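Whatever order the structure lists ligands and atoms in, that order sets their numbers, starting from 1. Quick caveat, the model's predicted, so the values are computed rather than measured. In what follows, residues are counted from 1 in the order of the sequence shown.
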Amino acid sequence: MGKDVIIACDFNSAEETFAFLDKFTGKKPFVKIGMELFYAEGPQIVREIKKRGHKIFLDLKLHDIPNTVMKAMKVLSSLDIDMVNIHAAGTIAMMEAALTGLTREDGTRPLLIAVTQLTSTSEDRMQSELLINSSLEKTVMHYAENAKKAGLDGVVCSPMESEAVHNVCGKDFVTVTPGIRFADSAKDDQIRITTPAKAKEIGSDYIVVGRPITQADDPVKAYERCVEEFVG
Ligand code: C5P
C-alpha cells in the first residue's frame, strides 16, 4: 500500500483552495475535499482539482439506505476520484451497495473506506445515547471487521488504532488517520494526536493533515516535513 500524506483542504471556496494549491509549484499533493468545500462549490471543484493532477479523497461520509448510497456512489465514481468514504453504521448491506455503485464499467473503482465511530463520539455518549452496549474500542474494531466483510479497502481511524485494525483485518486493510500534529505545533481541537513519524511507526497507511499545513507560514515546507517524517 502506497504510504502518502493527504492534505485536508478545509476551505469554503474554490478561490481560497486554488490560492493554497498554487503555492505547490511542481508538486501535486493528495488532497482531501470535505463537505464544506464540496457543498459550497459542487462537483466542479472536484473536476478542477483533478484536472490540475491531484489525487482526491472525497470525504462525504455517506449514510443512507443501500439503494440511495449505491446511486450516489455511481455519480461520485464518474468524477474520477481516488478515495471516498461511508459510515460503517449503515450496515454491511449498505457498504456492499456502495461498492457496487462505485465500480466503473471497466472494473476500476476508487478506494472505499469506512468511518467506524467518529472521534467526536465519546464512549459515554455512544453507550447512553446510541445504546451501544460495548466499549468504544470493541465497537471500532467490530465496525472495521464489518467493513472488511463487505469488501471495503479500509477505515478512517485514530493512528493509535492502526495497529489493532491491521491485526484484526490484515495488513493490507488500509488505515487513514487524521489527528496528526508536529511535536512542536498547536494541538487545535484535536485530542489524541500523533506526529507523522509516530504514525509511520504504528503503521498508518495514509495520514490526513489539515491545519499544521494549511495554517503554516510556509505550507509547502510543512507538507515536505510531513512527507519526510511519514514516508521517509
Ligand atoms: O486540521 P486538522 O489536521 O485537525 O484536520 C483533520 C481533518 O481530518 C479535518 O478535515 C477533519 O474533519 C478530519 N477528521 C478528523 N477526525 C476524524 C475524522 C476526520 O480530524 N475522526
Side-chain angles (χ1 to χ4, degrees), residues 4-13 16-17 20-21 29-41 45-46 49 54-63 81-90 111-123 125-126 130 136-137 139-141 143-144 147 152 154-162 164-165 174-200 202 204-227 229-230:
D4 211 347
V5 174
I6 302 178
I7 304 179
C9 286
D10 293 324
F11 303 113
N12 61 18
S13 73
E16 224 185 311
T17 308
F20 172 75
L21 293 177
F30 201 138
V31 301
K32 177 171 92 74
I33 300 176
M35 292 186 203
E36 183 186 12
L37 185 58
F38 190 80
Y39 292 146
E41 296 288 348
I45 188 74
V46 176
I49 294 178
H54 297 269
K55 284 192 172 176
I56 296 175
F57 168 21
L58 195 54
D59 179 18
L60 299 182
K61 301 185 179 73
L62 276 70
H63 188 175
I81 49 172
D82 300 278
M83 187 187 288
V84 64
N85 58 1
I86 52 181
H87 272 281
L111 288 178
L112 181 61
I113 59 172
V115 175
T116 54
Q117 282 291 341
L118 292 169
T119 46
S120 51
T121 306
S122 67
E123 182 167 87
R125 281 173 188 263
M126 182 191 81
L130 307 183
L136 186 64
E137 200 196 328
T139 310
V140 166
M141 291 308 148
Y143 282 23
L152 267 63
V155 287
V156 186
C157 63
S158 145
M160 279 104 164
E161 291 158 358
S162 289
V165 168
V174 172
T175 55
V176 180
T177 66
I180 303 294
R181 290 296 179 269
F182 292 121
D184 53 6
S185 72
K187 280 182 161 191
D188 303 308
D189 53 354
Q190 296 282 11
I191 298 167
R192 296 167 69 210
I193 53 168
T194 303
T195 63
K198 184 76 185 165
K200 177 185 183 181
I202 312 176
S204 293
D205 297 293
Y206 294 89
I207 53 172
V208 175
V209 190
R211 287 161 290 180
I213 295 176
T214 57
Q215 307 300 314
D217 291 337
D218 187 340
V220 178
K221 219 161 130 191
Y223 170 71
E224 283 169 349
R225 182 177 170 192
C226 270
V227 173
E229 274 193 39
F230 183 66

**Prompt:** Between Asn85 and Val156, which heavy-atom pair has the shortest distance, and what is it?
**Reply:**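 For Asn85 versus Val156, the nearest heavy atoms are ND2-CG2, 4.2 Å.
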
**Asked** Does ligand 1 have a heavy atom under 4.0 Å from the side chain of Pro212, from its backbone, from both, or from neither?
**Response**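 Answer for Pro212: side chain.
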
**Request:** Taking the side chain as every heavy atom from C-beta outward, state whether Thr116 and His87 have any atom pair closer than 4.5 Å.
**Result:**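 When only atoms from C-beta onward are counted, His87 and Thr116 do not touch, as no gap falls below 4.5 Å.
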
**Prompt:** Side chains of Phe182 and Ile213: closer than 4.5 Å at any heavy-atom pair?
**Reply:**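 Answer no - side chains too far apart.
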
Please check whether [X] reaches ligand 1 - meaning an N/O of the residue sits under 3.5 Å from an N/O of the ligand, judged on distance alone.
X	result
Ile180	no
Asp189	no
Lys61	no

**Asked** Between Lys32 and Asp4, does at least one N-O distance fall below 4.0 Å, as a salt bridge requires?
**Response**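 Salt bridge: no.
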
**Prompt:** Salt bridge or not for Asp10 and Arg211, using N-O below 4.0 Å?
**Reply:**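 No.
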
For [X], counting its heavy atoms only, list the atoms of ligand 1 lying under 4.0 Å from any of them.
X	answer
Ala8	7 (C), 10 (O)
Pro178	8 (O), 14 (N), 15 (C), 16 (N), 17 (C), 18 (C), 19 (C), 20 (O)
Arg211	1 (O), 2 (P), 3 (O), 4 (O)
Arg181	1 (O), 2 (P), 3 (O), 4 (O)

[atom]: the protein heavy-atom neighbour that sits closest, reported with distance to 0.1 Å:
atom	result
atom 6 (C) of ligand 1	Gln190 NE2, 3.8 Å
atom 21 (N) of ligand 1	Thr119 OG1, 2.7 Å
atom 3 (O) of ligand 1	Gly210 N, 2.8 Å
atom 9 (C) of ligand 1	Asp10 OD2, 3.3 Å
atom 11 (C) of ligand 1	Lys32 NZ, 4.4 Å

Does [X] have a heavy atom less than 4.0 Å from any atom of ligand 1?
X	result
Gly34	no
Gln215	no
Leu118	no

**Prompt:** In Å and rounded to the nearest 0.5 Å, what is the CE to CD1 distance from Met83 to Ile6?
**Reply:**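 Result: 4.0 Å between the selected atoms.
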
**Prompt:** At what distance, to the nearest 0.5 angstrom, does CD1 of Ile33 lie from NE2 of His54?
**Reply:**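 Reported value, rounded in 0.5 Å steps: 9.5 Å.
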
**Message:** I need the single residue from Ile7, Val176, Ile180, Val5 that forms a side chain to side chain contact (heavy atoms under 4.5 Å, CB included) with Val208. Which is it?
**Reply:**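 Among Ile7, Val176, Ile180, Val5, the one meeting side chain to side chain contact (heavy atoms under 4.5 Å, CB included) with Val208 is Val176.
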
**Request:** Could you point out which residue of Thr177, Val165, Ile113 forms a side chain to side chain contact (heavy atoms under 4.5 Å, CB included) with Val155?
**Result:**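 For Val155, the side chain to side chain contact (heavy atoms under 4.5 Å, CB included) check succeeds only for Val165.
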
**Request:** Hey, can you tell me if Phe30 and Tyr206 have their rings parallel, tilted or perpendicular (30° and 60° cut-offs)?
**Result:**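 Rings of Phe30 and Tyr206: perpendicular, as their planes differ by over 60°.
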
